[in-house]
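The next block holds one structure in the form of structure tokens; read it before the comments.
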Amino acid sequence: MPETKHSTRDQHSYRFILRVLNGIVPINEIDPSILSDTFREIARLEEIEKPIRDTWGNWDWQYADAQRNGTLYQPTLDKKISKLQKQLKKQLPYPRWPNGKKFAVCLTHDVDFVSQIALSRKAAWQALNGMRRAKITPLKKSTNVVRLLGQFMLQPLLRRGKNDPLWKFEQWLELENSYGFHSTFYFFPAPGSHVHEWDCSYQLSDSIVYGRKKMSVQEMIHEIDKAGWEIGLHGSYHSALNEKLLSAQKAEIEDATGKAIISTRQHYLHYDVRLTPNLQERVGFKTDSTQGFNRSIGFRAATSFPYTCWNHAEEQPLSILEIPQHIMDGGLFTNNALEYDADLAIKHSIQLMDEVEAVGGCLTLSWHPHNIVNEMWWQVYKTLIEEAHHRNAWGCSAGEIYNYWEKNETAIVQSSHAEIGQ
């Protein structure tokens, strides 16, 4: 009996399914509906079909079918594939995660602020110039100008002689290291051209205190990198749709680190599934972790596993690996999001962890370092990674996920007797 010729879309789904199954499965043994459902989720067709966007220009949780049918907190795609694995009873001898870990927890931090006291003169000046060019109302401009002047002039006078409450970056490393975990710190580029009112406004040359030593942000980046943690780019709002801008910002962070960076996440999770992953791949990123929610938690693509993105214009797979974000501190706690207390935040986050553990997937957390000043937010993060360690999870950075995922996928595909597309 001749084998069915499969489309490029089916082949893209098959590649993902092979990796999730961690085994050898001929494509013709997979129900076509599973291939179709898989492509719909990992190519994010729902986001193209529903052009509505929120106030930040994003596709957020309230537009998802999963929100209405009650499955937003369930990796429904992973569950379908797990059933397939049980039916086929075929599995490779490769571990899904290193050292026998049951599941992965990818730890990430968006560095939006480095100081609560003051901006450097250069950062304040560039931010003010940026707002002058930005297309925002005069009232918003004047409000932001007052805020910036307060950061630059008033707060330093009021807090003279006091330590900045945000100068606690080393505490994140100390906490994660106590469990043998690593994380990714996404740093923002300096304010420059194409500034948006929501962009961050610190400079890599700003002075801070790290490990009880005065240094620049760039020097702190070197220290974090040297300790074994990953440095990535937190691309500006406009860079999600501007290749030249994104490329320049990547180069700036690479100049600061002295090495190539492979990981990124867009500021405010600003993202267009038809454009952003293409730009990210062309400028040289290997992995992104933007596909998540600003104002809720859950599985945007119905999966906890990383997946390669899709080029909708050319109907071809991209090489950039998406590590979807599932839980962000802002989505749990802020007053335009879920507004949870500690108990609800832990309860619902553990619910997601239960789901991920059951399918052996990867749960991605995003906690902003400046929120260490909020004891409840800090304690919830500590609780979650302690629980992950207790459950024998692999606590890792986005870069570590990418390197391990790609290495194992290559081994699986090379070992598979299934010829993709035939």
Side-chain angles (χ1 to χ4, degrees), residues 44 46-47 50-68 70 72-73 108-113 116 127 131 134-137 139-148 150-151 165-166 186 188 195-202 234-241 265-273 276 289-301 324-349 351-352 364-381 384:
R44 304 307 304 127
E46 185 180 12
E47 299 183 28
K50 299 176 182 177
I52 187 171
R53 297 296 184 266
D54 66 11
T55 188
W56 295 323
N58 296 337
W59 193 91
D60 212 45
W61 70 282
Q62 63 270 31
Y63 310 127
D65 287 340
Q67 184 270 329
R68 282 177 291 282
L72 193 66
Y73 286 13
T108 66
H109 309 290
D110 299 347
V111 185
D112 289 352
F113 300 93
Q116 196 178 75
M131 278 189 286
K135 296 179 180 180
I136 55 178
T137 65
L139 178 60
K140 280 189 175 182
K141 282 186 179 180
S142 61
T143 301
N144 286 339
V145 167
V146 170
R147 175 180 57 81
L148 283 168
Q151 272 190 278
L166 301 191
Y186 298 107
F188 204 86
V195 175
H196 192 276
E197 61 174 312
W198 296 326
D199 283 348
C200 307
S201 52
Y202 62 86
H234 196 35
S236 71
Y237 184 86
H238 286 308
S239 73
L241 308 178
R265 174 182 286 139
Q266 299 298 141
H267 189 45
Y268 267 81
L269 303 188
H270 189 213
Y271 191 94
D272 186 326
V273 69
T276 310
S289 188
T290 306
Q291 291 189 32
F293 300 128
N294 276 307
R295 291 184 278 194
S296 187
I297 62 175
F299 300 95
R300 178 165 167 170
Q325 173 195 284
H326 303 116
I327 304 172
M328 181 174 70
D329 52 1
L332 288 171
F333 301 117
T334 57
N335 58 13
N336 62 351
L338 294 175
E339 300 188 64
Y340 282 168
D341 61 8
D343 289 341
L344 267 180
I346 292 170
K347 177 181 178 180
H348 287 182
S349 296
Q351 181 181 339
L352 265 63
T364 302
L365 307 182
S366 174
W367 247 252
H368 295 75
H370 68 271
N371 286 328
I372 197 170
V373 298
N374 189 312
E375 184 63 22
M376 181 182 75
W377 297 29
W378 171 241
Q379 289 299 325
V380 169
Y381 182 74
L384 293 181

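Predicted model, so just to flag it, every value in this text is computed and none were measured.
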Of the non-hydrogen atoms in [X] and [Y], which two are nearest, and what is the gap between them?
{"X": "Asn294", "Y": "Asp60", "result": "N-OD1, 3.0 Å"}
{"X": "Val373", "Y": "Pro165", "result": "CG1-O, 3.6 Å"}
{"X": "Leu352", "Y": "Tyr73", "result": "CD1-CG, 3.5 Å"}

Nearest-0.5 Å distance that lies between atom [atom1] in [X] and atom [atom2] in [Y]:
{"X": "Phe293", "Y": "Gln62", "atom1": "CZ", "atom2": "CD", "result": "9.0 Å"}
{"X": "Tyr63", "Y": "Arg300", "atom1": "OH", "atom2": "CZ", "result": "11.5 Å"}
{"X": "Arg265", "Y": "Thr364", "atom1": "CZ", "atom2": "OG1", "result": "7.5 Å"}
{"X": "Gln379", "Y": "Glu375", "atom1": "CD", "atom2": "CD", "result": "4.5 Å"}
{"X": "Asn58", "Y": "Gln266", "atom1": "CG", "atom2": "CD", "result": "10.5 Å"}
{"X": "Cys200", "Y": "Phe188", "atom1": "SG", "atom2": "CZ", "result": "4.5 Å"}

Check: Asp110 and Ser366 side chains under 4.5 Å, non-hydrogen atoms: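 Ser366 vs Asp110: side chains touch.
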
Can you tell if the side chain of Tyr268 reaches within under 4.5 Å of the side chain of His196, non-hydrogen atoms only?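 In short, these two side chains do not touch, never coming nearer than 4.5 Å.
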
Working note: Gln325 + Thr290, criterion side-chain hydrogen bond (donor to acceptor under 3.5 Å, both in side chains); need CA distance, chi angles, decisive distance, verdict. CA-CA 6 Å; Gln325 173 195 284; Thr290 306; over 6 Å; no

Under 3.5 Å donor-acceptor, His368 side chain and His370 backbone: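 Not a single qualifying donor-acceptor pair exists.
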
Short question: side chain of Arg44, backbone of Asp272 - any donor-acceptor pair under 3.5 Å?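 Here the side-chain-to-backbone pair does not exist.
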
How are the rings of Tyr186 and His234 set to each other: parallel, tilted or perpendicular (split at 30° and 60°)?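 Rings of Tyr186 and His234: tilted, 30 to 60°.
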
side-chain contact (heavy atoms from CB on, under 4.5 Å) partners for Asp341, two or more places apart: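 Counting only residues at least two positions away or on another chain, Asp341 forms a side-chain contact (heavy atoms from CB on, under 4.5 Å) with Asp343, Leu344.
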
Any salt bridge linking Lys50 with Asp65? Criterion: basic side-chain nitrogen under 4.0 Å from a carboxylate oxygen.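 Yes, Lys50 and Asp65 are salt-bridged.
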
Could you tell me whether Asp54 and Arg295 make a salt bridge, using a distance below 4.0 angstrom between a side-chain N and a carboxylate O?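 Looking at Asp54 and Arg295, the cut-off is met.
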
Is the Tyr381-His109 ring centre distance short of 6.0 angstrom?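 Yes, ring centres under 6.0 Å apart.
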
For His270, all residues meeting ring pair (Phe, Tyr, Trp, His ring centres under 6.0 Å), sequence neighbours excluded: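 His270: ring pair (Phe, Tyr, Trp, His ring centres under 6.0 Å) contacts with Tyr237.
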
Ring pair (Phe, Tyr, Trp, His ring centres under 6.0 Å) partner of Trp377, chosen from Tyr340, Trp367, Phe333: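 The passing option is Phe333.
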
Going by the rule side-chain hydrogen bond (donor to acceptor under 3.5 Å, both in side chains), which residues pair with Ser349 if we only count those two or more places apart in sequence or in a different chain?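 Checked Ser349 against side-chain hydrogen bond (donor to acceptor under 3.5 Å, both in side chains); zero matches.
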
side-chain hydrogen bond (donor to acceptor under 3.5 Å, both in side chains) partner of Asp329, the single match among Asn374, Asn371, Thr334: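 So the option named by the test is Asn371.
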
